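Remarks on the structure that follows.
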Amino acid sequence: KNEVEQSPQNLTAQEGEFITINCSYSVGISALHWLQQHPGGGIVSLFMLSSGKKKHGRLIATINIQEKHSSLHITASHPRDSAVYICAVSIQGAQKLVFGQGTRLTINP
Amino acid sequence: KAGVTQTPRYLIKTRGQQVTLSCSPISGHRSVSWYQQTPGQGLQFLFEYFSETQRNKGNFPGRFSGRQFSNSRSEMNVSTLELGDSALYLCASSPGSTLLGAFFGQGTRLTVV
């Protein structure tokens, strides 16, 4: 079993829909990251969370440390949000990131 | 300020050759970590350097090595290339002694033929 599991693996929605991507992990972490990867490979760090909730524009990320679960929400989704969204955790006590397999999001106009 | 810069962006090598990839972190960042991304395995951690010292290494064979210079720039070397080494290699830099606030480069796409 992977240490970081994301769901769904693929998600297709219509423009304007509310999107939720989930991430569960099984290890102790010092932080959780949400990353966005567009075609071509470049990765952008969207959020880094160690507790609670963060909001940036139409993006919201939450984390529940007790349940070892995080969600990334996109409100009023737009075709430019189409990308792969990756959850990654910083392992407690170790200087490395462990990644989920990613969620491929496609927003149709 | 400038982002994380990886060079080259694209590279084609033949089996058995070696390759060196470069990563220049954001100015002031002292930690550089390297990752391999393949369609089958996703993103996997290779190693992490802080102040010229390797602090952690992922589960990769000894053909994969790296180093960090005093200006925090890092290089990754892969010797005796195999077809399975074809991947996108990403580096990330962060300001302090942890991976908090990591910024990623655009990656080097390596194709081994």
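What you are looking at is a predicted structure, and each value in this text was computed from that prediction instead of being measured. Chain letters run A, B, ... following the sequence lines, proteins first, then strands; residues in each count from 1.
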Can you confirm whether Leu88(B) sits close enough to Gln37(A) that some side-chain heavy atom of one is under 4.5 Å from a side-chain heavy atom of the other?
yes
Determine, step by step, whether Tyr35(B) and Phe99(A) satisfy the ring pair (Phe, Tyr, Trp, His ring centres under 6.0 Å) criterion, reporting the C-alpha distance in whole Å, the side-chain angles of both residues, the deciding distance to 0.1 Å, and the verdict.
CA-CA 10 Å; Tyr35(B) 305 86; Phe99(A) 299 87; 5.1 Å; yes
Would one find more than 12 heavy atoms of other residues, nucleotides or ligands at under 6.0 Å from atom CZ of Arg58(A)?
yes
Please say yes or no: joined through hydrophobic side-chain contacts below 4.5 Å, possibly via intermediate residues, are Phe64(B) and Leu83(B) part of one cluster?
yes
Suppose a student defines contact as a heavy atom less than 4.5 Å from any heavy atom of chain B. Which residues in residues 68-76 of chain A would they list?
none
Treating Ile, Leu, Val, Met, Phe, Trp and Tyr as nodes and any side-chain heavy-atom pair under 4.5 angstrom as an edge, say whether Phe18(A) and Ile21(A) lie in one connected cluster.
no
Please round to the nearest 0.5 Å and tell me the distance separating atom CD1 of Ile43(A) and atom CD of Gln37(B).
5.5 Å
Establish whether Ile12(B) and Leu81(B) are linked, either directly or via other cluster members, by ILVMFWY side-chain heavy-atom contacts under 4.5 Å.
no
Within this structure, what is the CG-CZ distance for the pair Leu97(A) and Phe104(B), rounded to the nearest 0.5 Å?
5.5 Å
State whether the number of non-hydrogen atoms from other residues, nucleotides or ligands found under 6.0 Å of Arg73(B) atom CZ is greater than 12.
yes
Any chain of hydrophobic side-chain contacts (each under 4.5 Å) joining Ile65(A) to Leu49(A)?
yes
Answer yes if Ile60(A) and Ile19(A) sit in the same cluster of Ile, Leu, Val, Met, Phe, Trp and Tyr residues linked by side chain heavy atoms under 4.5 Å apart, and no otherwise.
no
Just checking Asn59(B): does its CG atom have more than 12 heavy atoms from other residues, nucleotides or ligands closer to it than 6.0 angstrom?
no
Side chain / backbone / both / neither for Gln41(B) at chain A, heavy atoms under 4.5 Å:
backbone
